[in-house]
Structure formats: structure tokens, C-alpha cells
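Notes for the one structure printed next.
Note that the structure is a prediction, hence the values are computed from the model and not measured. Chain identifiers are assigned alphabetically (A, B, ...) following the order of the sequence lines, protein sequences preceding nucleic acid strands; residue numbering begins at 1 within each chain.
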There are 4 protein chains.
Amino acid sequence: MSRKEIEREFKRQLIARSARDLFLAKSYEEVTVQDIASAAEFGKGTIYQYFSSKEEILYYLIYQDMAESMENLRRDCSEPDACECLNIYISNQYDLYMRGNRLFLSFLRLMLEGNLKPEWINATGIIREQKLEFVAGIIARGQADGVFIEADSLQLARALKNVVRGFTMEQLELQKKATKNTNDIELIKAVIFAGIMRKNDSG
Amino acid sequence: MSRKEIEREFKRQLIARSARDLFLAKSYEEVTVQDIASAAEFGKGTIYQYFSSKEEILYYLIYQDMAESMENLRRDCSEPDACECLNIYISNQYDLYMRGNRLFLSFLRLMLEGNLKPEWINATGIIREQKLEFVAGIIARGQADGVFIEADSLQLARALKNVVRGFTMEQLELQKKATKNTNDIELIKAVIFAGIMRKNDSG
Amino acid sequence: MSRKEIEREFKRQLIARSARDLFLAKSYEEVTVQDIASAAEFGKGTIYQYFSSKEEILYYLIYQDMAESMENLRRDCSEPDACECLNIYISNQYDLYMRGNRLFLSFLRLMLEGNLKPEWINATGIIREQKLEFVAGIIARGQADGVFIEADSLQLARALKNVVRGFTMEQLELQKKATKNTNDIELIKAVIFAGIMRKNDSG
Amino acid sequence: MSRKEIEREFKRQLIARSARDLFLAKSYEEVTVQDIASAAEFGKGTIYQYFSSKEEILYYLIYQDMAESMENLRRDCSEPDACECLNIYISNQYDLYMRGNRLFLSFLRLMLEGNLKPEWINATGIIREQKLEFVAGIIARGQADGVFIEADSLQLARALKNVVRGFTMEQLELQKKATKNTNDIELIKAVIFAGIMRKNDSG
DNA sequence: TATGAATGAGTTTTCATTCAT
DNA sequence: TATGAATGAAAACTCATTCAT
């Protein structure tokens, strides 16, 4: 990456960061490009030198969140204990959703309304699947160790993700601030583990 | 309710029904009041005789969905078998979300943006809690019967709801049509039950 | 035409008239829709109830000019003297261009840039051809009477039109006000009828 | 002209040439300064080292066209036969307009909107008059030879120009490509030289 | 001299809502 | 009660031009 490209990417980051703050404080829809420009201390036109549209800023933010989360997962889930790995995953995923749900929801709406470039949908879709497969891998490991029930690991991975997401959606609905809700994470884990854990009734 | 009021309510229904069809075909944001009026075969101004705003139509729709769902639940979960009751609840809730998620999401957004009358937020909040408590009651019944694990029944009810919601959100994300996804319902039940079921390892 | 339609057409006229005044005083490009609305004493949004776009206002204006001019021609050129008919045509056409050239030029530019609905291009094209054929008819009559040279009457009609247009373009270029320039009309007639060659009738 | 000046002028030519190609392919309005810079393989800022504005590029192009055309005329119309000279003039002028009409029209619009430096308007006006006088001179020569009718030679020169321009405008209107239209040139000559009236020399 | 990053003015169009009839 | 004509706020995006390097 040339110096030019590095500088460019740096400014994209600056703009995107300002945008994220605004998007989370208000909402994607309520924030104007002028707002973003002002917050980033740029002129409005300058924003368009770095992003082709307001939508692209949102995509950039979301893609980064997902990519970073995926990276964290790979880094933090290297240990052999599948159970512990899932614990980490759940916490990470919970945090990711709690932080980003409003953004994800706006992105989702844009997608459903057909206002998103297919390549953006693809790119996010790919990461989503990678993550799913990664988690499925962990589960498969656990299954091999006889810790988890025998079932399609990919389906179980989906279930995990969906349970986490459901809980975070609820927080949004209740207008709870995005504070770490340890109790909920425990509840999630309890439900999930008692669910997918093999019942070692034999002894 | 006087005849006048009955007639009025009838027309509100007409309008709301037309609106729902449109909201689901496109989205709340993409449908104009004119669209609704045309579909309902009324003049645009007439809509405002029956609803104070476009938002109120959405609220009306959502409130009805929730109320009806609550009613169904009460009707269908009268039998003593807690397990079977939860099965019914899960199916109902799954259907409810699959049908109405887009509407709920728009409602959520409007709420977060502060564009909803507090009374609407309250009214929906109350139903939500009623339902939660109703489900908690079922669970408590199951606990009393020794079928479910011992844990705060309200928390377990929340968990149930959130798991279902998480699964339905995923369908939205994947742009799946709102078709009954039996496999997913089974997966949900499997996770939930194996999770909250008391492990009868004793025999 | 129903009363509604008549009223609607009347308001379209009001708006279009205001627009014409502004377009001629400044130019199509320099006039904003807000300007038109203000001049017509309407709100900006109201303009869009009567015209789908600023471009359509221009089209409306131009189509009316052309249609009216065609009508005038039919009415005024009923007499048998082909020569006199052409005189009338030339005067009419000269006036038409002197009044409308700026509008025509904007319309032309919009067309070349592909910003005009094909139906508009067609509609104006049809009138143009009708007029051309009408003039060709006059010329054919003159030819039958032995007054005009034998040549393709449609080509001669084109020539007539083009000569007039050329003269009016020059006035625009010289920023002359759209005053009736009798001398030029005479010059046009002289050229068209006789050319610049001396008729060497002597031998 | 110093070497510096020559180099400068050379680069102005490079830029202008690139601009012309683009202006003719699309239109003055649709071409951005960035387009011109890219085509000329310069940075955008560099363009402003050689031209004070986008408008000046257009002026430069038009002035050159006119000057070159004037030059050609002087060179090609040295022979004594006035008739032949006019033939040459007509062909040249026809070509000039066919090539440059879109540019001229944009220039005209900018002028009418008051966006052109007075000196540019003057400069082009002067060439236009020179040309007119030159053609008038030819006509006067023809009149002296008894070839052309007796009439103000300047007026006849105007007529010539206007006839040619009218024909070329029509081509634009019909969206015809700028191909040499020999038939039209012949038609123009026929009209100009002889008019449409049958010479009733017989009596 | 060459560059391109930064700028912000400027305009069309949509649409929820009001209100006179 | 029903209507739809009138309204105007609101926002994304483009592009000629400037200027620091």
C-alpha cells in the first residue's frame, strides 16, 4: 500500500469514525452527510472524495465490524477447549450486536429496499458464512471430544448466533443502553449449553 | 360501542388491512399515504380522519398483531401439558415474527428515533409483558411438574422469546420469503427444550 | 373534458405562462422551480402536481407554441395564392422563432443530452413534419400554377424553414431583442423567392 | 514569442484539443474539467494554469475555429470568379457549423446568461464581422461583374451565412451525425443563387 | 510548474399533513 | 364525512475552482 493509499485509508477511517458516533447517537437515517462532514471537520464535498455515498459509509462501518470480529474470534479461539471457545464467541458476538445492532438494522433495511450494491451484500454475506463455519468448526471439535450433542454443527452454529442476536434485539427494544449485560450473557450460555451439551447421564 | 363507533372501527380496519399488504410487499418507508388511500379506495385526506398519522397506522397494525397473538396464546394454551403449551407458543411466536418482523423493525426504528407517541410505546410494552408473564406462567407450571429446570421463569420466558426472534431475524437477513420453516422451528425447540429440560439422569 | 380537467388545464396554463416569462427573461437553466412557483403564486410542491418535472414545463410550452403556430398557418393560408401563403408562413415562422428560440435551444440541448422523454421528442417531431408537409403542399400548389421552380417541394419547404431559422439565430447571437424586424423578413423573402443571382433574362 | 510562450501555447493546444473531442462527443455541459484533465493527461489543477476557467477553454476553441475558418476563406477565395468564391464559402461555412454547432450553441447560451468575459464576446464578434465583410466584398465583386443582383452586399452576405446556419441547425435537431451532406449544400446553393421563383423570362 | 485534496454553493424532487369545500 | 389541492421542509450529490505542497 503506497503512502497515498495509506493516507486515504486513514481519512476514510476518520470520516467513518465520526459517522459511527453519529449513527449510534441518533440513527443512520437521521444523520445527514453534512453532519458527518462537520463532525469529521471536513467540507461536505470532501466526504464524497472518500465514499461514493452515505450508504457506503454504513457498509464500510459494518464490514469493518464484522471483519474485526471475525479476526478477534480467530485470535481468541485458538485454544483446544471447545466449550471455552464458545463462551468467548458468545461474549464477542453479544458485544458486537450490542454495539452494532442499530447499524445492522439500517443496513438490513437498505438491503431489503434494494438500495445496496450487490457487492456489499456479497462481501458481508461471505464474512457471515466464514464466521458461521468457524463456529461450526469449534462445535465439531467439541462433538469429536464427546462434549456436544451429535447434530449438524452448522445448524448448531446458526442456533448460537440466533440466540445471541435475539437477546440483543430485545435490549434494543427495551431501549437499554449498550452496556455489558453480564446476566444476559450467562442466561444465553445457560440456555445454549444445557441445550447442546450432551447429557452425561451415564456418569 | 355505538353504531357510529363500530362503523368507524370497521373503516380503520379496512384502511389498516390495505396498509399491511403494502407494508409487507414493500416496506413501511417505501409506501406512501397516497398508496394506502388508493389501495383502500379512499381519498388521501380520508385516511387522516381515521388515523392521526402514518405512524399510527403502523402502531395499529402492530398492536393488533400482538393482541391477537396474545389472544391466540390464551386460547390455545389452556391444556395442562406445559411442554405442549410451549410448543404451541414457539410456533405461534415464530409465525408472528416471520409475518411481522419488517413491521416490527420499522416500529422499532421509529421508536428509537423518538417519533412514536409514548402511549403507543406503553401499550405495546404492556402486551409484551403480559405475554412474557403468560409464558412464564406456563414455565412455572412445568417447573412445578418437575419438567423444567429450576430457574427464574420470567428469565426463561425471555430466553424463549429471544431465541425465536433471533431465528426469524436471520430469515430476514437471508431475504428468505416468509414461509413456514418447520426445520427451524424444530431446531429452536431442540435447543430450547434440551436446554431448559431437567436432565432426568436419575431415571 | 370534465370540469376537473378544465380547471387542471387552466392551472397548467397559469404555471406555464409564468414559466415562459421567466425562461425568456433569464433562461431555462437559470430559472429554478421555486422561481416558477413564486411567480405563479403557488407553493413549490404544487408545481409538481401539474408537471412531472421542470423539463415537462418546457416541453408543454414548446408543444403549445408549435401547435398554435401550425393552427395559425392552417387558418391563414387558406387562400389560393401560393406566393402570398408563403409570405404569411415566413412571417409567422419568423415570429415563432424570434419569440421561442431560447426555449427551442434549451429543448434542443436537453434532447441532445438525452434528458427528454421520447414521447416528447416524437410529439414535437410530428408537428414539425406536419408543418413541413403543409408548406410543401403550398409550394406544390405554386408549382402547379407555374409560379415556383420544379423541385422536390418538401426540400424547398425545408429550405424555407431553415432560411428563416438562420436569420432568427443571428438575432439571438447579436442579442437583439425580439422585436419584429421587418427588414429582415423582407430580406428573407427576397432571397427565398429570387436568390441573389441576377436573372440574365436579356440573353 | 519566447520559447516559454511557445511551450505554453503548445500545452493550451493540447488541452483544448482534448476538450474539443469531449465536447463534441458529449456536450460542453456534460464534460467536467476532470474529464478534460484526464484526457489531456494532466492534473485537474494544471488546467487552471493554462485557462482561467472552463468557459475560457470553450472560447479558445471557438475563437480558433472562427479564426481558422477566416484564414481558409482568405486563402481559398483569392480567385476572381465571385460565384466560385461563394461556392467555396458556403461549403466551408457549412462544414464549420456542422462541426461546431454544439459548441457555438453552448457559447451562445453562456453569452446570453452573461457568463462570458466581454472581451471574448468582442473578439468573436470582430471575426464574425470580418468574415461578413469579406464575403460582402466577394459579392460586391460579383455585382460589379453584373453576376449578382444589386442590393446591399453586407445584407446579402448575412443572408448567405444565415441560410447556411439554418440548414446546419436542422441537422442538429434531427440528431444527424456531422457527416458531409452534399445534397444539402447543393440545395443551399440553389436557393441562394436562384431562389424558388420560376424565372418567367419567357414573358 | 504540476498536482489533487478540499470546498460548499446550488437545485430538483418527494411526501406527510392540512384545510377549504 | 370525504376529498384532493396546496404546501414546504428536507437532503443527497456534483463540480468548478482554489491553494498548499
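Consecutive pairing runs in DNA chain E reach the stem threshold at E:2-21 with F:2-21, where a stem means at least three Watson-Crick or G-U wobble pairs with distances under 3.5 Å.
Between C/Glu7 and C/Arg3, at least one side-chain nitrogen of the basic residue sits less than 4.0 Å from a carboxylate oxygen of the acidic one, meeting the salt-bridge criterion.
Partners of D/Ser38 according to the side chain to side chain contact (heavy atoms under 4.5 Å, CB included) rule, which considers only residues two or more places apart in sequence or in another chain, are D/Gln34. Considering only residues two or more places apart in sequence or on other chains, B/Glu68 meets the side chain to side chain contact (heavy atoms under 4.5 Å, CB included) condition with B/Asn72. Residues that satisfy the side-chain hydrogen bond (donor to acceptor under 3.5 Å, both in side chains) test with C/Gln49, not counting sequence neighbours, are absent from this structure.
A straight line from OH of A/Tyr48 to C1' of F/dA16 spans 18 Å, rounded to a whole angstrom. One atom, CG of D/Leu22, and another, P of F/dC15, lie 14 Å apart when rounded to the nearest Å. The distance from atom CD of D/Glu5 to atom P of E/dT1 is 12 Å, rounded to the nearest whole Å. Look at CD on A/Glu56: it is 15 Å from C1' on F/dA12, rounded to the nearest Å. As a whole-Å value, the separation of B/Gln34 CD from E/dT18 P is 16 Å. The interatomic distance linking D/Phe23 (CZ) with F/dA16 (C1') rounds to 12 Å, in whole Å. One atom, CG of C/Asn115, and another, P of E/dT12, lie 13 Å apart when rounded to the nearest Å. Rounded to an integer number of Å, the gap from D/Asp35 CG to F/dT14 C1' is 12 Å.
A/Met111 and A/Ile121 make their closest contact through CG-CD1, 3.5 Å (heavy atoms, listed as atom of the first residue, atom of the second, distance).
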Check the pair B/Arg12, B/Glu9 against salt bridge (charged side-chain N to carboxylate O under 4.0 Å, His left out), reporting the backbone distance first and the verdict last. CA-CA 5 Å; B/Arg12 279 169 68 94; B/Glu9 188 52 32; 3.6 Å; yes
Walk along nucleotides 4-11 of chain F from 5' to 3' and tag each nucleotide B, S or - by protein heavy-atom contact under 4.0 Å, base first, then sugar-phosphate. BSBBBBBS
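Ring planes of B/Phe107 and B/Tyr59: parallel class, angle under 30° (limits at 30 and 60°).
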Residues 15-22 of chain C, side-chain donor-acceptor partners within the protein, below 3.5 Å, at least two apart:
residue : atom : partner : partner atom : Å
C/Ser18 : OG   : C/Leu14 : O            : 3.2
C/Arg20 : NH2  : C/Asp65 : OD1          : 2.7
C/Arg20 : NH2  : C/Asp65 : OD2          : 2.7

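The nearest heavy atom of DNA chain E to C/Tyr28 and to B/Ser52 marks one nucleotide each, and the one closer to the 5' end goes with C/Tyr28.
Between the side chains of B/Glu56 and B/Tyr60, no donor N or O sits under 3.5 Å from an acceptor N or O.
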